[in-house]
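Since the structure comes first, as structure tokens, the remarks are kept for the end.
Proteins come first, then strands; the chains are lettered A, B, ... in the order of their sequence lines, and each starts at number 1. This is a predicted model, so every value here is computed, not measured.
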Amino acid sequence: MKSERPGTRSWPPFRTPRGMRRKSRGWTVAEIAAAWPALTRIALVINGKPESIDIAPWTTLLDVLRHHLGLTGAKKGCDYGQWGACTVLVDDRRTNSCLTLAIMMDGARVTTVEGLAEEATLHPVQAAFLEHDAFQRGYCTPGQICSAVGLIREGRAHAADQIRELKSGNICRCGAYPTSSRRFRRRCRRSKGGLSGEPLLLV
Amino acid sequence: MEVERPGRPVDINHLPLGKVEAHEGGLRIGALVTNSDLAYHPLVEARYPLLATAILAGASAQLRNMATTGGNLLQRTRCYYFYDPATPCNKRQPGIACSALEGINRIHAILGASEHCIATHPSDMCVALAALEAVVQVEGPAGARAIPFAEFHRLPGDTPRVDTNLVQGEIITAVDLPARGFAEHHADIQVRDRHSFAFALVLAAAVLEMDGDRIREARLALGGVAHKPWRDTEAEASLRGQPATEDVFRRMAEIVLTGARGWGHNTFKIELSRRVIVRALTQAAGLGRPSS
């Protein structure tokens, strides 16, 4: 870490700055504040609404959603891409928001589970989840729903085994897969000749 | 995690490396093309189905939407000890020790390992690229150069920290696929602990060029067994002019596995590899499933 003036510090900040030693009692607040890097402003369109956010470079998209914007639907499950509880749609593609650095997403369009419903009307996938009781504790559910919406848009799941394979990035610790899969197929059947742009799926 | 402490990460996503283009009869895949876009690209599906299958067998849909072609090549091993800074690892700290040698080594290498490291390369896609003899285009301060796929990744030797032959300051710009895609005779066989979203214990990508019932050319790349996608050109050459039969493929598998060594938990991989090799070649030849 070469620079000492705020706003020009190099990354990462967790290297001990020159002249500063890690003390047994830990760092003081002032020391931590002095080691903080400059924040960067990024623009995102979150659930259709433009947002301008100042973030540190290591901030993940998930942390922006949860901590900066208060959108706590996407969950921090494992924080390394196994679980899928953090799945959101970035420019309509299913993405693990915990593995996505927000600073790399400047200008992106992000849809979270909070943005799927149209006012008081649930998204059909959300409604199908309720109807089929497709969860127990529900921690994975926002990711499951966003992933299912993404999967329907991709239009590549045409049979039960394809749904299972293409949804394998969303793990459900309660094992609600059968109901989760059923509601997905039900949702697909309903979309037959239904919503424009959505694929016709055969089950 | 203290596994890596990069000094200054640079986001290269804005570089113009995101295209799949026709190139010298084959394809040039930009380093930033995502795994999803590549696997579902019409030219890849039609001409290089082996590659499409291998990509879709790996990771999850979410990860494939983010993962890039160049990034896939540069994946680090999934050795448990590499990611556990509480245990010694020569890849993290050269010269300290390899915890996997006498540890839990079920997922580790049986070919080309060294006493310093028995880690495996995790990529499914790279195994297909090895069989297709792709070429890696790189660019750095000293200019651009092309690296044949077989020479891109390294065996651990006494420098397990170094995974590839990229030099300091170089980046991958593209991966070139040669004209031949072996769409007629190919197979990608994977054995995993879980049906989906798991790294393969053993996988084999096989491509054949047939002349009637006889083999004109054969290539076989193995994954999950070594520090790089494993090819044995001598074993491949032994198939030339031979009839495509299970016996012939079994003899070939013996040659590939001549130097194989298990480390306890992973010794089963030797027999498993033998069967996966035979199955991949049998399927590539269009003979259905082998008898065992």
Under 4.5 Å from any heavy atom of chain B - which part of A:Leu99: both
Atom CZ of B:Phe268 with >12 non-hydrogen neighbours under 6.0 angstrom: yes
Nearest non-hydrogen partners of A:Leu166 and B:Ala61, listed with the distance: O-CB, 3.8 Å
Distance in Å, B:Ser196 OG paired with A:Asp161 CG, rounded so as to fall on 0.5 Å steps: 11.0 Å
Gap between atom CE of B:Met66 and atom OG1 of A:Thr100 - 0.5 Å precision: 3.0 Å
Separation between CG of B:Asn13 and CG of A:Asp106, rounded to the nearest 0.5 Å: 12.5 Å
B:His195 atom NE2, neighbour heavy-atom count above 12 within 6.0 Å: no
Under 4.5 Å from a heavy atom of chain A, the part of B:Asp11 involved: side chain
Exceeds 12 heavy-atom contacts within 6.0 angstrom, atom CD of B:Glu21: yes
Non-hydrogen side-chain atoms of B:Phe197 and A:Glu165 separated by less than 4.5 Å: no
Sub-4.5 Å side-chain heavy-atom contact between B:Asn65 and A:Glu154: yes
A:Arg156 CZ to B:Ser36 OG distance, which is reported to the nearest 0.5 Å: 7.5 Å
Side-chain donor-acceptor pair present, B:Thr34, A:Arg93, cut-off under 3.5 Å: yes
Nearest heavy-atom neighbours spanning A:Ser168 and B:Ala59: OG-O, 4.5 Å
A:Asn96 (side chain) donor-acceptor with B:Gln62 (main chain) under 3.5 angstrom: no
Residue A:Glu51 excluded, over 12 heavy atoms near CD under 6.0 Å: yes
